[in-house]
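Numbering starts at 1 and runs along the sequence shown.
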Amino acid sequence: MRVSRPGRARPRIWPPPWSRAAGQATAYVTSNLVATVIGGIVTMLLARSMAAGEFGSYAFASAFIPLLAMLFEFGLFLPAGRMAARSDALEGREVFGATLVTYAPVGAAFCLTLYCSSFVVDRWFHVEAGAALRLVSPLALVYPFRFVAEQLSQGLDRLHVYSAARVAGRALFLGVLAVLLAWDARLRLSLTLLLETCATLAGWALLIAWLGPRWRQVARYARILTKEARAYGVQAYLGRILSVGTYNMDVLMVAAFSDASSVGYYTLAAAIASAVGLPSMGMAAALFPRLTRERVIEPRLIGLAALLGSIVTVLVVALAGPLVDVALSSRYQSAVALVPPLALAQLVRGVTGVFNMFLAAHARGRELQNSALVLTVSNVALNVALIPRFGAAGAAWASLVALVANLIAHVVLYRRAVEDSGRAEDAAPEVEVRACPA
């Protein structure tokens with residue numbers, strides 16, 4: 001048994017109590033909902049105060065920066081979260097400190113990449129966002145840091161810190177915007193993007209101060225991170241790029257094979273249905289530390305994920321029509337028909353998230369990559385087959401079928417991982433234990 005070194009931090013109890021996991025999951029889900037609401041209010045304020053072209057450039061920048069940031073992880077930070085989950089409290093803070101040092105060159109590389117890309121985005125995408133991207137590029141390392149913050153907060157069993165920091169950054173941005181608009185200030189793209197970046201920086205600074213990194217043995221833990229990234233982190237990273245990138249490609253494919261109205265209906269329906277997966281994904285994220293030490297997934301976790309998702313699915317499908325009528329108008333009723341398949345897709349995705357989190361917690365990089373390949377191939381093939389004929393409805397059903405295939409792949413690969421682990425334990429040499437003389 002590992003004994004914690006003396007210090008002010010209290011050692012964690014393993015596995016974490018179920019009540020704590022429930023609290024962490026609730027904080028995660030709540031923060032996502034609050035951040036979504038704040039994002040909607042910000043979008044409404046900016047749409048009213050900016051010219052149409054300038055708002056379009058802001059919308060492009062808001063999508064382009066996170067998409068580019070997703071590439072700057074390189075498989076280093078899932079191992080960091082796993083190391084933190086398997087350490088005591090003080091060692092976890094040391095892992096966090098080493099991770100911050102390791103992230104520094106990654107963040108600098110992202111800043112440089114964003115700066116260089118700013119010279120071509122206006123020409124390639126017919127927007128006027130280049131100057132704003134160059135302005136925020138020195139501080140842009142805050143955008144890839146979101147994945148680092150989430151992984152380390154999971155590993156340290158402090159997911160509520162990540163939730164609070166994220167909401168704090170979004171709320172600060174909204175507050176500053178409201179003050180400027182109250183003073184009748186003209187919001188330019190560059191100023192808006194800079195304010196958003198600085199608010200995000202303040203949120204992550206709060207997280208770092210709250211988690212309290214320690215800087216002892218930075219070199220040792222950095223070497224371990226690099227070694228584990230080569231062992232499985234890069235495979236998990238490639239799998240995440242494939243799955244997230246492919247799943248988010250639906251809107252682009254609807255735009256390519258259908259019309260602008262279909263894009264709007266599909267985007268609206270997807271936003272409504274996204275609430276279905278939040279409880280299951282929050283539960284899986286909160287259970288990450290526990291899953292690193294469990295040999296198998298408890299069946300009740302799968303049942304709970306399915307139950308929560310089913311309840312929210314029924315509510316979302318029932319309320320979609322009235323919500324669209326009240327918030328928008330009857331012109332958008334075509335989006336309501338897309339909600340049921342997309343809600344079911346999110347239900348399946350939430351259950352899959354439990355298996356995905358277990359594989360990540362057990363460093364099964366190859367399994368994560370292979371399951372992502374199943375999602376990529378099935379989603380692209382189904383979209384190409386269904387969208388030209390059925391439009392946005394084809395994309396919705398393609399998402400559902402592809403995610404069912406992804407769930408099946410996760411279950412099969414999870415069972416293989418458990419069998420491999422069992423064979424490895426059986427093959428391990430037994431250690432003879434002799435009783436000590438009285």
Could you pull out the closest heavy-atom pair between [X] and [Y], with the gap in Å?
X: Leu68; Y: Ser117; answer: CD2-OG, 4.4 Å
X: Glu54; Y: Leu189; answer: OE2-N, 3.0 Å
X: Pro66; Y: Ala61; answer: CD-O, 4.1 Å
X: Pro138; Y: Cys111; answer: O-SG, 3.9 Å
X: Val276; Y: Ala343; answer: CG1-O, 3.6 Å
X: Ala84; Y: Leu156; answer: CB-CD2, 3.8 Å

Which distance, rounded to the nearest 0.5 Å, do you find between the [atom1] of [X] and the [atom2] of [Y]?
X: Leu159; Y: Tyr28; atom1: CG; atom2: OH; answer: 7.0 Å
X: Ile241; Y: Glu73; atom1: CD1; atom2: CD; answer: 8.0 Å
X: Met281; Y: Thr352; atom1: CE; atom2: OG1; answer: 10.5 Å
X: Gln346; Y: Leu400; atom1: CD; atom2: CG; answer: 10.5 Å
X: Leu114; Y: Ser118; atom1: CG; atom2: OG; answer: 6.5 Å
X: Met357; Y: Phe288; atom1: CE; atom2: CZ; answer: 7.0 Å

Return the set of residues passing ring-ring contact (aromatic ring centres under 6.0 Å, His included) with [X] (not counting sequence neighbours), or none when no residue passes.
X: Tyr414; answer: Phe355, Phe358
X: Phe147; answer: none
X: Tyr162; answer: Trp204

Self-check item: Qualifying salt bridge (charged side-chain N to carboxylate O under 4.0 Å, His left out) pairs with a residue from residues 374-383, counting only residues at least two apart or across chains
Solution: none
Quiz item: What salt bridge (charged side-chain N to carboxylate O under 4.0 Å, His left out) pairs are there with at least one residue in residues 138-147, not counting sequence neighbours?
Solution: none
Practice problem: Give a yes or no on whether Phe64 atom CZ has more than 12 heavy-atom contacts from other residues, nucleotides or ligands under 6.0 Å away. | Solution: yes
Exercise. Give a yes or no on whether Arg366 atom CZ has more than 12 heavy-atom contacts from other residues, nucleotides or ligands under 6.0 Å away.
Key: no
Donor-acceptor pair, side chain of [X] and main chain of [Y], under 3.5 angstrom:
X: Ser87; Y: Gly92; result: no
X: Arg93; Y: Gly212; result: yes
X: Ser371; Y: Leu368; result: yes
X: Arg82; Y: Ala361; result: yes
X: Asp122; Y: Gly130; result: yes
X: His362; Y: Leu291; result: yes

Side chains of [X] and [Y]: does their closest heavy-atom pair fall under 4.5 Å?
X: Thr26; Y: His160; result: no
X: Leu304; Y: Met283; result: yes
X: Leu413; Y: Arg364; result: no
X: Val312; Y: Leu347; result: no
X: Glu196; Y: Arg170; result: yes
X: Tyr266; Y: Ser399; result: yes
X: Leu181; Y: Ser49; result: yes
X: Leu403; Y: Leu407; result: no

Quiz item: Yes or no on side chain to side chain contact (heavy atoms under 4.5 Å, CB included) for Tyr237 and Leu76, after CA distance, side-chain angles and deciding distance?
Solution: CA-CA 8 Å; Tyr237 161 73; Leu76 288 167; over 6 Å; no
Identify each donor-acceptor pair in which a side-chain atom of residues 224-233 lies under 3.5 Å from a protein atom, sequence neighbours left out, and give them as a table.
| unit_1 | atom_1 | unit_2 | atom_2 | d |
| --- | --- | --- | --- | --- |
| Thr226 | OG1 | Ala222 | O | 3.0 |
| Glu228 | OE1 | Tyr232 | OH | 3.0 |

Exercise. Please report the C-alpha distance between Asn406 and Arg349 in whole Å, then the side-chain angles of each, then the deciding distance to 0.1 Å, and finally whether the side chain to side chain donor-acceptor pair (under 3.5 Å) criterion is met.
Key: CA-CA 8 Å; Asn406 187 42; Arg349 189 183 184 193; over 6 Å; no
Quiz item: What about the rings of Tyr143 and Phe145, do their centers lie closer together than 6.0 Å?
Solution: no
Self-check item: Cation-pi check, Arg216 onto Tyr221 ring (under 6.0 Å, within 45° of axis)
Solution: no
Practice problem: Before giving the answer on side chain to side chain contact (heavy atoms under 4.5 Å, CB included), spell out for Leu342 and Val339 the whole-Å C-alpha distance, their side-chain angles and the decisive distance to 0.1 Å. | Solution: CA-CA 5 Å; Leu342 289 173; Val339 171; 5.9 Å; no
Practice problem: Show the numbers, then the answer: is there a side chain to side chain contact (heavy atoms under 4.5 Å, CB included) between Phe110 and Leu141? | Solution: CA-CA 6 Å; Phe110 176 74; Leu141 78 169; 5.5 Å; no
Quiz prompt | Step-by-step side chain to side chain contact (heavy atoms under 4.5 Å, CB included) determination, Leu338 to Ile272 | solution = CA-CA 10 Å; Leu338 303 176; Ile272 295 172; over 6 Å; no
